[in-house]
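These numbers come from the heavy atoms of this one structure, side chains and all, not from hydrogens, waters or symmetry mates.
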Amino acid sequence: MEVGGIQALRRWRAEQTGRVGLVPTMGALHSGHQALMTRARSESDLVVASIFVNPLQFGADEDFVQYPRPIEEDLKKCEEAGVDFVFAPALAEMYPSAPEVRVVAGRMGAVFEGAARPGHFDGVLTVVAKLFTLIDPDVTVFGLKDIQQYVLVKRMIADLNFDIELIGLPVVRDADGLAMSSRNTYLAADDRARALAIPRALNAAAEVAERGRGATGSGASVAGAAAGSGGAGVDLPAAVEAAALAELEPAAERGELEIVYCSLVEAATLRPCPPGFTGSALLLVSATVGGTHLIDNLPLEF
């Protein structure tokens, strides 16, 4: 396994033939990242993992300085996963000066995480575009925990005509149900227990959706789909969102977490699902627990 910055990458890339897979990361790797690398290996002849903490996607009051950077441990995890080249550039290589030209994420980048973290997705898409240009991969693998990021990268690939196959890997969870995240290391034990309200909310929503599908086949309205409906016709997408909030709001009232957003949206557009919606949807959830910003999601079909 080779490790290097831009010049080393260019030399290595010029010598390679075959299909190249890319797994972009900010380091602080866990088994979820390794699953992405394993999938990239199955889809390509050579695998590049990038490790770069990108300042453009952090706000002024966020954790850029504190973000964990255990590089030696990360390199061991990359080697275990069969990575061929770890692209670990210095900050000055990626941004010799403050960039004047950036990718703008547009409407889909200004809602949910984009509203909570203004400019975040402009920074994400800018660095991903740079990685695509530098590495020239045939395929790239992203985790679906950051589902809004995935949707935006997919749109950027289409809009900017990158000839790259995008693969999304389902959320990898710890045994307690919490979605794996590098930021989970910030959680104290009691905060982690409080954070489990997030997967409980998703599970509750999934149960309501499943009952609704069972009652109607695949329709978007169901009698009694949600507890307390009294048998009246219930709009299933609204019932699903309500089920998630029924788990989160009591925890918020107890001061255990702060709800950032909980919304059911159309998967393709990230617009709120209208009454009677049918098709692919995403339940997007974000909460702050003990000062740590956490995100999760649930894909659904109506």
Side-chain angles (χ1 to χ4, degrees), residues 1-10 12 21-38 40 47-99 102 113 116-117 119-132 134-135 137 140-143 145-146 149-150 153 169 171-172 174 178-189 191-192 195 288-295:
M1 184 179 76
E2 295 187 43
V3 182
I6 289 177
Q7 294 307 316
L9 171 69
R10 285 174 171 159
W12 178 86
L22 167 64
V23 178
T25 85
M26 292 204 304
L29 304 179
H30 49 67
S31 56
H33 293 108
Q34 289 182 304
L36 301 178
M37 296 168 190
T38 299
V47 176
V48 177
S50 64
I51 297 177
F52 179 67
V53 183
N54 175 38
L56 296 192
Q57 66 194 72
F58 288 81
D61 57 349
E62 293 184 358
D63 58 341
F64 174 69
V65 174
Q66 294 81 18
Y67 197 86
R69 294 168 170 84
I71 186 62
E72 294 303 323
E73 294 176 22
D74 286 347
L75 293 178
K76 289 178 184 177
K77 288 184 172 67
C78 288
E79 193 157 25
E80 290 169 359
V83 170
D84 297 285
F85 192 99
V86 177
F87 178 50
L91 178 60
E93 286 186 281
M94 290 295 279
Y95 303 114
S97 60
R102 306 187 187 199
E113 277 302 285
R117 306 175 65 189
H120 170 69
F121 287 117
D122 292 356
V124 169
L125 295 185
T126 297
V127 78
V128 171
K130 288 169 72 74
L131 293 173
F132 286 173
L134 287 163
I135 296 165
T140 186
V141 185
F142 281 73
K145 178 180 73 69
D146 300 314
Q149 171 181 271
Y150 175 85
V153 170
L169 208 64
V171 178
V172 178
D174 283 322
L178 194 65
M180 287 189 177
S181 169
S182 299
R183 288 190 169 94
N184 288 354
T185 58
Y186 297 159
L187 295 170
D191 287 332
R192 186 180 180 98
T288 301
V289 183
T292 299
H293 184 73
L294 301 175
I295 60 173

| request: Determine whether more than 12 heavy atoms belonging to other residues, nucleotides or ligands lie under 6.0 Å from atom CD of Glu73. | output: no
| message | Looking at every heavy atom in both Val171 and Ala179, which two are closest together, and how far apart are they? | response | CG1-CB, 3.7 Å
| query | Do Thr140 and Val23 touch side chain to side chain, with heavy atoms closer than 4.5 Å? | reply | no
| said: Once you measure the plane-to-plane angle for Phe132 and Phe142, does it fall in the parallel (<30°), tilted (30-60°) or perpendicular (>60°) bin? | reply: perpendicular
| query | Between Val65 and Phe58, is any pair of side-chain heavy atoms under 4.5 Å apart? | reply | no
| message | Restricting to non-hydrogen atoms, name the atom on Pro89 and the atom on Phe52 that form the minimum distance, rounded to 0.1 Å. | response | O-CD1, 3.7 Å
| query | Got a donor-acceptor contact below 3.5 angstrom from the Ser182 side chain to the Ala28 backbone? | reply | yes
| Distance (rounded to the nearest 0.5 Å) between Gln34 CD and Glu79 CD | 11.5 Å
| request: Please report the C-alpha distance between Phe87 and Leu131 in whole Å, then the side-chain angles of each, then the deciding distance to 0.1 Å, and finally whether the side chain to side chain contact (heavy atoms under 4.5 Å, CB included) criterion is met. | output: CA-CA 9 Å; Phe87 178 50; Leu131 293 173; 3.7 Å; yes
| query | Side-chain donor-acceptor pair under 3.5 Å between Tyr186 and Asp63, yes or no? | reply | yes
| request: Under the side chain to side chain contact (heavy atoms under 4.5 Å, CB included) rule, what do Asp84 and Met1 come out as? Steps first, then yes or no, please. | output: CA-CA 5 Å; Asp84 297 285; Met1 184 179 76; over 6 Å; no
| message | Would you say that Ile71 contacts Ile51 through its side chain, given a criterion of any heavy-atom pair below 4.5 Å between the two side chains? | response | yes
| message | To the nearest 0.5 Å, what is the distance between NZ on Lys130 and CG on Asn54? | response | 9.0 Å
| message | If you define the side chain from C-beta out and look only at heavy atoms, does anything of Met37 sit under 4.5 Å from Leu29? | response | yes
| task | Can you sort out the partners of Asp122 under side-chain hydrogen bond (donor to acceptor under 3.5 Å, both in side chains), two or more places apart, ordered by chain and number? | result | none
| message | Please report the interatomic distance NE2(His293) to OG1(Thr288), rounded to the nearest 0.5 Å. | response | 6.0 Å
| Any sub-3.5 Å donor-acceptor pair from Gln149's side-chain atoms to Asp146's backbone N or O? | no
| Nearest heavy atoms of Met94 and Leu134, plus distance in Å | SD-CD1, 4.0 Å
| note | Interatomic distance, NE2@His33 vs NZ@Lys77, rounded to 0.5 Å, equals 10.5 Å
| said: Evaluate Asn184 against Thr292 for side chain to side chain contact (heavy atoms under 4.5 Å, CB included), listing each step before the verdict. | reply: CA-CA 8 Å; Asn184 288 354; Thr292 299; 5.9 Å; no
| query | Would you say Leu22 and Val141 make side-chain contact, with heavy atoms under 4.5 Å? | reply | no
| Between Leu56 and His120, does a side chain to side chain contact (heavy atoms under 4.5 Å, CB included) hold up when you go through it step by step? | CA-CA 7 Å; Leu56 296 192; His120 170 69; over 6 Å; no
| CG/Leu169 to NZ/Lys145 distance, rounded to the nearest 0.5 angstrom? | 13.0 Å
| query | Any idea which heavy atoms bring Gly290 and Asp191 closest together, and the distance? | reply | CA-OD2, 3.7 Å
| task | Grab the two heavy atoms, one from Glu62 and one from Gly59, that are nearest each other, plus how far apart they are. | result | OE1-N, 3.0 Å
| task | For the residue pair Ile135 and Leu9, establish whether any side-chain heavy-atom pair is separated by less than 4.5 Å. | result | yes
| said: Using salt bridge (charged side-chain N to carboxylate O under 4.0 Å, His left out), reason through Arg117 and Asp61 one step at a time and then give a plain yes or no. | reply: CA-CA 10 Å; Arg117 306 175 65 189; Asp61 57 349; over 6 Å; no
| task | Find out whether Met26 and Tyr67 are in side-chain contact, i.e. whether some heavy atom of one side chain is under 4.5 Å from a heavy atom of the other. | result | yes
| Side-chain (Thr25) to main-chain (Ser50) donor-acceptor, under 3.5 angstrom | yes
| task | Provide the closest heavy-atom pair for Ala8 versus Gly4 in the form atom of the first, atom of the second, distance. | result | CB-CA, 4.0 Å
| request: For residues Gln57 and Phe121, determine if any side-chain heavy atom of one lies less than 4.5 Å from a side-chain heavy atom of the other. | output: no
| message | On the six-membered ring of Phe64, is Arg69 placed so that its NZ or CZ lies under 6.0 angstrom from the centre and within 45° of the ring axis? | response | yes
